[in-house]
Amino acid sequence: MHSTDVAIIGAGPGGYVAAIRLGQLGKKVTIIDRGYPGGVCLNWGCIPSKALIHAADVVDEIKNASSIGINISGEPQIDFAKMIAWKDDVVKKLAGGVRQLLEGQKVQWLEGEARLSGAHRIEVRTANGVETVEAQSILVATGAHPIDIPGFEFDGENVVHSRGALAWQKLPKSLVVIGGGVIGVEMGTLFAKLGTEVTIVELMDQILPGTDPELTKVVQRGLKKRKVALHLESKATKLEKRGGGYAVTIENKKGKTEVVECEKVLVGVGFRPNTKDLGLESAGVKLDERGFIPVDKYQRTNVSHIYAIGDVIGPPFLAHKASKEGLIAAGVIAAEAGVENDVRAMPAVIFSDPEIATVGLSEEEAKKAGHEIRIGRFSMQASGRAMTMQSTDGMVKIIADAKSDLLLGVGIVARGASDLISEAALAIEMGAAAEDLALTVHPHPTLSETIMEAAEAVADRAIHSLSSH
Amino acid sequence: MALEFRLPDIGEGVAEGEIVKWLVSEGDSVQEDQPIVEIMTDKATVEIPSPVSGVVKERKHAEGAVVPVDDVLVVFETDDAAAPAPKASAPPAAPKAQAAPKAAATPKAAAAPKTPPAPQTAPAAANGGSFEFRLPDIGEGVAEGEVVKWLVSAGDTVQEDQPLVEIMTDKATVEIPSPRAGKIQELRVEAGQTVPVGDVLVVLSGSSGASQPTPAGVVAEPVAVGATAAPVARSTSAPVTAPSGNGSSVAAPVRRAGKVLATPATRKLARELGIDLQLVPGTGPRGRVTKDDLDRFQRRSPSAVGMMAPTGTAPARPAPQPLAAVEPEREERVPFRGIRRKIAESMTRSMYTAVHFTYVDEVDVSRLVDARSQAKSIAAEQGVNLTYLPYIVKATVAALKKFPIVNTSLDEAAGELIYKHYYHIGIAADTPGGLVVPVIKNADQKSLLEIASEVTDLATRARDGKLQVDEMRGGTFTITNAGNIGGLFATPVINFPEVAIMGVHQIKDRPVIRDGQIVPGKIMYLSISLDHRIVDGAVGARFMNEVIAYLEQPDRLLLEMR
């Protein structure tokens, strides 16, 4: 039994960031985790998938090299096991770094399964038996887990979510991806680039549902160019073993079915919060009807000394959102002045090809919220830098309030969109107008110029665009 | 044509306001939204913007006048052609947009996204006479609201502005009025459900001739339901400046609705200072609130600072960390409100701003005791109870004249020290409700007897809670009679933004040495706390010596009389 100021359950990007900040603020912190510092993001999500996406992009560039005068004899040979080992090494280094940072703040690491057994008490099942932690404040950062669908239950090997796919030692020849959301598109694209035959099945009429179709259609086009078979408005209805692999029955909205044979199946259809078996009821913490933990702007649950952050409080499921909420919770717990969650711009990034990054309101959301809007668009085809990188697919789309010119949202689909979006996030958070972006000098030749041009286009004044006045 | 502009409803429970300063003169041309007058209420000082563009024909009240809500403030002469019909013909009670005082102070701020054209202009409006009414944007950072209670049912006929539903957000509970007259076709959400802004709340069927969207934005009217939505840490705070919700669209919120433009750092600073950003006029581009605006606001409306009214976070220094119950069954939670909270706020502000140092000395008041006992009976004949306090007030005023630095206030933001050539002496009074400080104005021009009777009158009314706000304002120096209960001496807290406070203590028989002999003397301790930013120790000590000299030789006071 040991007592602490703050107990954090879950060492993902929310929990470990909160732990470090609380340590900086002089709190005694215990962080309880099953043994994976960095959580899903670092171990089976953001980081490992980006490592493999990078590897796949290298393969892609090599294959295209001859178009710019670099001749390579033969096809690039992929040592998939080595690629996976390299990825594991990246993960290991980063996880070690997280452990070091936690130690640097004297955060106590407690490995095991946590379960609340009272308002201030947590029982932790560790390798050496059950340990009890008494904490003044508790921060729940347990995240969420992927759901499967009936008939397509995960087996960790052949029917998997991203975690399983990222551990494959052999590159599959063919893959059916069920769910054309972020995970499905990122993983599908990555394997397609490595040479796997990929089929994506999506229930809605577009991939990446919820994202502006004007942006997703660029990605959709890219997938088709790569010969990824897209089944929109379709569902996977049956999974049968066949030969060494599987046969997946796909039914479109007219009821027509098609059977696709594949070696592996990846199911990415959504997440459910990790709130079961946590003993939250023993502390009186309320959940919503979907099992997420509702919190206020101080990240507090209905029990005032119990806080929650990250995926466990609900979508969007973003590591940086969890981290931000972790910092807020830490500030509140340590009674720092002026801390509350007043984030106005939460960026989101999809590592598709090209990448999609958005912040603020989409066109549809802005209209729905009652704004009269003006839109500025700028195509990557008009960007000199994009042309030099052979990456002219995509565009920047800026949504501004028609009356005030204030920035409401920015969407980018382009190579490097993930790094370009932060400028827009800052602009919205600072309360900037489209004109502010247009008036700011952007260095040439860079992709960031496209943001300035799109901002000019809000006022129909883009320089490198024929459609403007 | 002439337009009478009346004092709008400027917040919950505010029935009147004092005219602090006219910002325009008769004959001035003003623009719509240009601030015309500063009004101080017991909640805050606000600038009232002009509802129209025109010429100021007549100011109906002088500075210092206390004007009830709905009384005519000013008469404008407007150009008929220019005067927009709805405004000029609006009931004078409070024409909508212009009623929001600070909110609309800068025209650009008014144009910011807070006027939600959303629900009313939705294309669905024109659709076959049925109208989807969506949850409007009801304030900064509010993305959704919980339906607490429907006030209408399907099939009901409703009037424009009739409250339809109570929505609870994390800021307040508000009644949402109907944007138009019609019949309720369908309630789209049930009580208890949470609705995002922009989602359809209710479908109204078109009524006769009401196919046009209503011109003005739906005004979400915070209803005084108390802090139901707020968790414990914020229970100190009902939505204080919430306008009264009589269901009529006439009442407009004092605060600007929607998001206030400000950088993240400014927003955080506002929370630290306990300032509700929505009350602060922004001078930056498009009405952006800058750090300078916060400074200015804090300087001009100190009473509004720390009130953080509507969102209800208490002054942010002790951040919103809730205090867990230790033994809940043997503890009781009472709302921290009213005078007590006000005292807490001013004390905090004083301690965090002024650099206190306290100096104590003793005074041999033997001769003062004699002088006063002689004068007492004369005073009694005139029905006046003469205590020592009037002597101390006079001695203090005389010393203040010699040390004008002690009678100042620091305007930090402007970088100026304000020397006050008047002597308004606050007298701290212990009342059942808590500490209040009535002020004896122009104490230098009053006789001992006048001061004595004024002190008696103020003290009595203070105890009965009958003091006017005006009588507790404008002090330049405060005296606290800390000693009538006991103790040796206290270290009083400065009544900010004054720079000094003097503590007067019990007169006791103590041995004194006079001409080498130990004799009984009448001894009183005097303490003074000064703001070391402004008054140095040596100056404070000399000031006290001066006060002591007058009290030890009361005859000297006569020389100061006029």
Side-chain angles (χ1 to χ4, degrees), chain A residues 25 119-120 136-137 288-289 294-307 324 328 331-345 361 364-373 400-408 425-433 435-436 439, chain B residues 108-109 111-122 134 136-137 140-141 143 170-171 194 196-199 217 229-234 259-274 282 284-289 311 313 315-325:
Chain A
L25 296 174
H120 291 274
Q136 279 172 25
S137 305
D288 70 13
E289 64 280 2
V295 295
D296 63 11
K297 64 183 172 185
Y298 303 112
Q299 303 299 139
R300 287 185 306 204
T301 66
N302 64 307
V303 180
S304 60
H305 70 278
I306 300 183
Y307 301 74
K324 178 70 191 179
I328 291 160
V332 173
I333 290 170
E336 276 201 300
V339 178
E340 71 175 50
N341 193 340
D342 76 338
V343 171
R344 295 180 178 184
L361 301 179
E364 195 192 335
E365 287 164 342
K367 283 179 182 158
K368 214 171 148 191
H371 291 283
E372 211 179 294
I373 57 172
D401 186 271
K403 285 197 208 104
S404 65
D405 193 42
L406 291 174
L407 283 175
L408 299 173
L426 176 67
I428 294 177
E429 200 67 62
M430 300 286 284
E435 193 184 9
D436 292 321
L439 290 171
Chain B
K108 278 187 175 164
K114 69 199 140 184
T115 32
Q120 296 73 22
T121 55
R134 293 162 193 274
D137 186 351
E140 186 194 7
D170 56 348
K171 304 265 154 98
T194 299
V197 166
D199 257 30
V232 189
R234 285 170 290 157
K259 285 191 175 131
V260 176
L261 272 185
T263 67
T266 308
R267 272 141 50 199
K268 178 158 185 263
L269 180 64
R271 290 194 296 269
E272 282 172 12
L273 296 171
R286 299 176 176 82
R288 176 186 318 252
V289 176
T311 57
T313 314
R317 235 158 253 107
Q321 173 72 338
L323 207 54

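Each chain gets a letter, A, B and so on, in the order the sequences are listed, and its residues count up from 1. Remember, it's a predicted structure, so these values are computed and weren't measured experimentally. The analysis underlying the following values was restricted to heavy atoms, covering all of them including side chains, and did not include hydrogens, waters or symmetry mates.
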Asker: Only counting residues at least two apart or in another chain, list the ones meeting side chain to side chain contact (heavy atoms under 4.5 Å, CB included) with A:Ile428.
Answerer: A:Ala345, A:Val359, A:Leu407

Asker: What part of B:Ala262 gets closer than 4.5 Å to chain A, counting heavy atoms only: side chain, backbone, both or neither?
Answerer: backbone

Asker: I need the minimum non-hydrogen distance between A:Arg344 and B:Leu261, along with the two atoms involved.
Answerer: NH1-CA, 4.4 Å

Asker: List the atom of B:Asp199, the atom of A:Lys368, and the distance in Å for their closest heavy-atom pair.
Answerer: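 For B:Asp199 and A:Lys368, the tightest heavy-atom pair comes out as OD1-NZ, 3.7 Å.
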
Asker: Measuring heavy-atom distances to chain B, does A:Glu289 have an atom under 4.5 Å in its side chain, in its backbone, in both, or in neither?
Answerer: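 For A:Glu289, neither part sits under 4.5 Å from chain B.
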
Asker: Give the minimum heavy-atom separation between B:Arg271 and A:Gly338, together with the two atoms involved.
Answerer: NE-O, 2.7 Å

Asker: Report which part of A:Asn341 has an atom under 4.5 Å of a heavy atom belonging to chain B: side chain, backbone, both, or neither.
Answerer: neither

Asker: Is the shortest distance from a Lys or Arg side-chain nitrogen in B:Arg267 or A:Glu429 to a carboxylate oxygen in the other one below 4.0 Å?
Answerer: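 A salt bridge links B:Arg267 with A:Glu429.
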
Asker: State which residues pass side chain to side chain contact (heavy atoms under 4.5 Å, CB included) with A:Ala119; sequence neighbours excluded, sorted by chain then number.
Answerer: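 A:His305.
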
